[in-house]
Amino acid sequence: MPKNSKVTQREHSSEHVTESVADLLALEEPVDYKQSILNVAGEASGKQKAAEEELDAEDRPAWNSKLQYILAQIGFSVGLGNIWRFPYLCQKNGGGAYLVPYLVLLIIIGIPLFFLELAVGQRIRRGSIGVWHYVCPRLGGIGFSSCIVCLFVGLYYNVIIGWSIFYFFKSFQYPLPWSECPVTRNGTVAVVEAECEKSSATTYFWYREALDISNSISESGGLNWKMTLCLLVAWSIVGMAVVKGIQSSGKVMYFSSLFPYVVLACFLVRGLLLRGAVDGILHMFTPKLDKMLDPQVWREAATQVFFALGLGFGGVIAFSSYNKQDNNCHFDAALVSFINFFTSVLATLVVFAVLGFKANIMNEKCVVENAEKILGYLHTNVLSRDLIPPHVNFSHLTAKDYTEMYKVIMAVKEDHFSALGLDPCLLEDELDKSVQGTGLAFIAFTEAMTHFPASPFWSVMFFLMLINLGLGSMIGTMAGITTPIIDTFKVPKEMFTVGCCVFAFFVGLLFVQRSGNYFVTMFDDYSATLPLTVIVILENIAVAWIYGTKKFMQELTEMLGFRPYRFYFYMWKFVSPLCMAVLTTASIIQLGVTPPGYSAWIKEEAAERYLYFPNWAMALLITLIVVATLPIPVVFILRHFHLLSDGSNTLSVSYKKGRMMKDISNLEENDETRFILSKVPSEAPSPMPTHRSYLGPGSTSPLETSGNPNGRYGSSYLLASTPESEL
């Protein structure tokens, strides 16, 4: 070693030294805490931090700007569920009353856990596999389970983007193809398609023209080639967006994250100008307080919080891992959570304004049809003209006049009233008709747009918005798969990303069969929900109870430059785990009490019917849940019995100059502990950088215990183009 080197100077000095183990081993300043996370120094010098940041930026891609990163997180968290699932849950679970459990759970579970994922990703700068390997090696299976859940979600989520692409291209015509029922000619007689006549034009177009759906999940019916082509287009778009990592996806986010807000703003202004929009909005905000005490409402609200913020998927961790160490992720968590909630409320206002307009249209149609029935009964003397109030004018019949006439006829003809076949035509009944999930976007909303002036324009804008919302979420979902795998196994980024897209397309053919929509229901409602809940609760436990909440708070203080609120300490430590445990238990009980099923479209009846999954489908569903959660116990068992290395017996320190790595491996457990800490073996190093003092040359150092210039254990220098990961 040169006589003027730092280490040699320290060895001949009696001055007290406080340095990191990387300083003691390296000829130059230590860099990149990711490679040697065991920082046993006190306060690092500004020069050391600058070197670390320089190497981090050189080795790992980074966001071009803070705006690009925020837009990426917003694009991932704000997705199709904000547009149709949140409004549906509001409509189903008491209108404004649903906002109370949602807000409560967002505050005590959503924001704290979103902040937690942002913090660990930014601190460790790895994908989900690497993060949970560092935090708790025995729970390293959490990262693998996150990847599997992302795969399951990505498989069916891109199918929905394919549906949106199909409707997008069909929107470039007037009138819109779902505005009228198709007519077939039998000689000189025009006959309306029976399935369409029994349901509606938009319902018929969705189930028959778009999906060409079978009567049950057991009837495959072969591939729907229109949707197969759309799925290919969808995966091609996603592949081009993510093939270069954040260098390509970051640029896409500028459009895909901002454009939906432009469309929502336009729809809100247009919707508020529609007749009946106020009725829909008032119906939404009128709370049904009894729903607030329903456990099912709270369970659905918690599930929506998980999906809305992208908790447990790994996408949040992947995106934050490309941040600088000093980024204020606490502010990011609050900002993205607020924007997500704001978007959900904005979308709900738009949906209910448009549905209020649609409800008024349908109510007027009901009044006209039933008024014609009454006129027919008057002409055939089934009803007496004395039953009709004198002020009623059938040429300009209002809903109020019809309701009055309906009540009089029902009171007089009480015994034979049901035979008349009259409907009450109440606006509230139309507003209470809840349409779930995809039906809200592809049936209810599309039907409302057919009544808009310039309806093709609004249809093009709406489905282009859905494509961009789905694309933003798919970019985050793909990051949840590719980032941890690339970080861990060092596979080529472009080749692996393209391979994932090709593989997902071929597996996704399952969802573009004629029975594919039923498999989408299986994956969306069941296969991801329970594993996701297990993943999130174990993430919380790994940080709060195994790594230690106090230690983690100290890490955040050093990283952020300020101490986070004590609120997070209590949420991470007690409240969030308890709430999630209750949620997990409730989900398991729900699956046991209510057998899983799906809404099937019966062609002959032109109506939906709820069917239970057959035995083979139940076996598939259980297999999916087991596969998604299996890595967690497998990795735990393998590492508990030392069948799989957790990386704790390898110390790697990266050097900036010459790209050389000093690798000390196969150390005895006690020797390694003394080597790192110069203390008793019980003082094990933490997975994240913790600050400890080294007493300098005055104390016995492992480096001095042998005359061997390479140290007691021997070491070798390995050339490396980039620093190796301990993963």
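Counting from 1, the numbers follow the sequence of the chain as shown. Remember, it's a predicted structure, so these values are computed and weren't measured experimentally.
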- Message: I need the I535 CD1 to S145 OG distance, nearest 0.5 Å.
- Response: 5.0 Å
- Would you indicate whether the side-chain heavy atoms of L349 and I281 approach each other to under 4.5 Å? yes
- Query: Are W458 and F463 near enough that their ring centres are under 6.0 Å apart?
  - Reply: no
- Message: Just verifying a value: how many Å separate L105 CG and L583 CG, rounded to the nearest 0.5 Å?
- Response: 8.5 Å
- When you look at NZ of K226, are more than 12 heavy atoms from neighbouring residues, nucleotides or ligands closer to it than 6.0 Å? yes
- Message: With a 3.5 Å distance limit and no angle check, can you tell me whether S257 reaches the backbone of M253 through a side-chain donor-acceptor pair?
- Response: yes
- Could you label the plane-to-plane angle of the F452 and F267 rings as parallel, tilted or perpendicular, counting under 30° as parallel and over 60° as perpendicular? tilted
- Query: Ignoring hydrogens and geometry, is there a side-chain-to-backbone donor-acceptor pair from N340 to S77 under 3.5 Å?
  - Reply: yes
- Message: Ignoring hydrogens, what is the shortest heavy-atom contact between G508 and L155? Give both atom names and the distance.
- Response: N-CD2, 4.3 Å
- N327 backbone acceptor or donor facing Q122 side chain under 3.5 Å: yes
- Query: Considering only heavy atoms from C-beta outward, does the side chain of P175 approach that of T450 to under 4.5 Å?
  - Reply: no
- K66, NZ atom: more than 12 neighbouring heavy atoms under 6.0 Å: yes
- Query: Taking the six-membered ring for Trp, are the ring centroids of Y322 and Y69 within less than 6.0 Å of each other?
  - Reply: no
- Message: What I'd like to find out is whether the side chain of L346 reaches to under 4.5 Å of the side chain of L268, using heavy atoms alone.
- Response: yes
- Any donor-acceptor pair under 3.5 Å from T497 side chain to K493 backbone: yes
- Counting heavy atoms not belonging to Y565, are there more than 12 under 6.0 Å from its OH? no
- Note on the structure: Heavy-atom nearest pair, L113 first then M580, reads CD1-SD, 3.5 Å
- Query: Does the ring center of F462 lie less than 6.0 Å from the ring center of F168?
  - Reply: no
- Query: When you check the gap from the basic side-chain N to the acidic O, do E300 and K92 get nearer than 4.0 Å?
  - Reply: yes
- For the pair S248 (side chain) and A241 (backbone), establish whether a donor and an acceptor sit closer than 3.5 Å, ignoring hydrogens and angles. yes
- W235 (side chain) donor-acceptor with V502 (main chain) under 3.5 angstrom: no
- May I ask you to check whether Y167 and W178 place their ring centres under 6.0 Å from each other? yes
- Distance under 6.0 Å and angle within 45° of ring axis: R275 vs F357: no
- Task: State yes or no: are the ring centers of F442 and W206 separated by less than 6.0 Å?
- Result: yes
- Message: Whether the side chain of Q513 engages the backbone of L510 through a donor-acceptor N/O pair (distance < 3.5 Å, no angle test) should be reported.
- Response: yes
- Task: Using the six-membered ring wherever Trp is involved, compare the ring planes of Y518 and Y598 and label them parallel, tilted or perpendicular (cut-offs 30° and 60°).
- Result: tilted
- Donor-acceptor contact present, side-chain S455 to main-chain H451, <3.5 Å: no
- Query: What distance separates S256 OG from M465 CE, expressed to the nearest 0.5 Å?
  - Reply: 13.5 Å
- For residues P260 and V78, determine if any side-chain heavy atom of one lies less than 4.5 Å from a side-chain heavy atom of the other. no
- Query: Is it true that the side chains of Y102 and S344 contain a donor and an acceptor less than 3.5 Å apart?
  - Reply: no
- Query: Atom CD1 in I481, atom CZ in F313: separation rounded to 0.5 Å?
  - Reply: 10.5 Å
- Query: Within the distance-only criterion (no hydrogens, no angle test), does the side chain of R609 pair as donor or acceptor with the backbone N or O of A600 below 3.5 angstrom?
  - Reply: no
- Item | Centroid separation F523 to F511 less than 6.0 Å | yes
- Is there side-chain contact between Y207 and I443, with heavy atoms separated by less than 4.5 Å? yes
- Query: In Å and rounded to the nearest 0.5 Å, what is the CZ to OG1 distance from R299 to T533?
  - Reply: 9.0 Å
- Are W63 and F319 an aromatic pair by the rule of ring centers under 6.0 Å? yes
- Distance in Å, C230 SG paired with F169 CZ, rounded so as to fall on 0.5 Å steps: 8.0 Å
- Task: State whether the side chain of Y156 and the backbone N or O of M522 hold a donor-acceptor pair below 3.5 Å, judged by distance alone.
- Result: no
- Message: Check this for me: F342, atom CZ, are more than 12 non-hydrogen atoms of other residues, nucleotides or ligands nearer than 6.0 Å?
- Response: no
